[in-house]
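For reference, the structure is listed below as structure tokens.
Because the structure is predicted, anything quoted here is derived from the model rather than measured. Naming: A, B, ... by sequence-line order, numbering from 1 per chain. Both backbone and side-chain heavy atoms feed into the values below; hydrogens, waters and symmetry mates do not.
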Amino acid sequence: MEAKDGLFVFNLAKQERALLIHVMKMFPVSGGPVAPLSKSGDEKKLAEHERSLTEALAEQRAEHKRLVDAFLGEQGRFAEDAKGGFRLRLTTAQVDWLLRVLNEVRVGLWLKLGRPEELIPLAKGGQLEAVAAMEICALFQSRLLEALGGGESN
Amino acid sequence: MPTTIELPEVAPDIFREDETESKENLDPGYLVICWNDPVNLMDFVTHAFQQVFAWKKEKAEFHMMQVHYQGKSVLTRETMERAEFYVHELQKYQLHATMESGE
């Protein structure tokens, strides 16, 4: 990974590019909030606010989906290098966006799996594909966060 | 020979406040709380706190560690409107954030 002037360049092997595209194409996974707006309080009073949260998340999801489609459909988004790999150029804002997309897929799959504490029993129990996708998301998230690491202390 | 001018003595105005709002009478507001979950990466939680609250990394990491080891962290106390805004922003990062009455 190279970083200069707020631009990050990630070097991806062919298989890595395929995995990134695979998990990005899964977006969106979840359909609602990860938690209620409040754990306590009057449910009736909060109903309107809960709706507002659901709408805000749905709006963001639709916008991210539009951006995912544009990202994957963009010519030259993954520029091939001389070694048969690919170079992915992202701005700081795009890194944050991609982190959110990958996390939505990861958390969305986790919600679909019933919010498990441990993933290994699920992988052994017929949910290998979902668990693998979650781990692929985490792998790319870690690389993106590592790239941001130096520049986030201010 | 310079003459010395005697300046009048200036004393600051002192106002006495007879009635002050006791702490109990202030609006308790709403607490924005982030709860632990087994799915969000620790560094991602730190990143989200930095983005949402414009915190320095050290402060964001402190609250992330509280979430991780104590199960939750009170991130801020705000008016209902602001607390709701922050919960929306945190949930947009898929964090388990809620707002609870500060009473």
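Linking ILVMFWY side-chain heavy atoms closer than 4.5 Å, directly or via other members, places A:Leu72 and A:Leu12 in a single hydrophobic cluster. Hydrophobic clustering of Ile, Leu, Val, Met, Phe, Trp and Tyr side chains at less than 4.5 Å, counting indirect connections, unites A:Val95 with A:Met24. A:Leu99 and A:Leu7 fall into different hydrophobic clusters, where Ile, Leu, Val, Met, Phe, Trp and Tyr are joined by side-chain heavy atoms under 4.5 Å apart, directly or via other members. In this structure, B:Trp35 is not a member of the same hydrophobic cluster as B:Phe53, with clusters built from ILVMFWY side-chain heavy atoms closer than 4.5 Å. Side-chain heavy atoms closer than 4.5 Å link hydrophobic residues (I, L, V, M, F, W, Y) into clusters, and following such links, possibly through other members, connects A:Phe140 to A:Ile21.
One finds the CD1 atom of B:Ile33 at 8.0 Å from the OG atom of A:Ser40 (value rounded to the nearest 0.5 Å). The line from CE of B:Met42 to CG of A:Leu145 is 12.5 Å long, rounded to the nearest 0.5 Å. In this structure, A:Leu46 CG and B:Thr98 OG1 are separated by 10.5 Å, a value rounded to the nearest 0.5 Å.
Counting non-hydrogen atoms of neighbouring residues, nucleotides and ligands closer than 6.0 angstrom, the CD atom of B:Glu81 reaches no more than 12 such neighbours. Applying the 6.0 Å contact sphere to NZ of A:Lys112 captures no more than 12 heavy atoms from other residues, nucleotides or ligands. Residue A:Lys25 qualifies as open at atom NZ: its count of foreign heavy atoms under 6.0 Å is 12 or below.
Annotation for A:Pro33 and B:Gln91: closest pair CB-OE1, 3.3 Å, computed over non-hydrogen atoms. Closest of all the heavy-atom pairs between A:Asp96 and B:Tyr93 is OD1-OH, 2.9 Å. Contact detail for B:Leu41 and A:Gln141: the closest heavy-atom pair is CD1-CB, 3.7 Å. When all heavy atoms of B:Phe44 and A:Asn103 are compared, the pair lying nearest together is CE2-ND2, 3.0 Å. Across every non-hydrogen atom of B:Ala97 and A:Ala35, the tightest pair is O-CB, 4.4 Å.
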Query raised in the report: Under the side chain to side chain contact (heavy atoms under 4.5 Å, CB included) criterion, do B:Met80 and A:His49 qualify, and how do the steps go?
Result: CA-CA 11 Å; B:Met80 185 179 192; A:His49 297 277; 3.6 Å; yes
Requested in this report: Begin from the C-alpha positions of A:Val34 and B:Leu95 and carry the test side chain to side chain contact (heavy atoms under 4.5 Å, CB included) through to its verdict.
Outcome: CA-CA 7 Å; A:Val34 69; B:Leu95 300 193; over 6 Å; no
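Each of B:Glu84, B:Glu100, B:Glu61 has some count of heavy-atom pairs under 4.5 Å with chain A, and the biggest count is that of B:Glu100.
Of the possible donor and acceptor atoms, none in the side chain of A:Arg106 sits under 3.5 Å from a partner among the backbone N and O of B:Asn40.
The shortest side-chain heavy-atom distance between B:Pro38 and A:Arg115 does not fall under the 4.5 Å cut-off.
Applying the side-chain contact (heavy atoms from CB on, under 4.5 Å) test between A:Leu57 and each of B:His88, B:Gln94, B:Lys92 identifies B:Lys92 as the sole match.
For A:Gln60, the part lying near chain B is the side chain, with the backbone staying farther off; criterion is any non-hydrogen pair under 4.5 Å.
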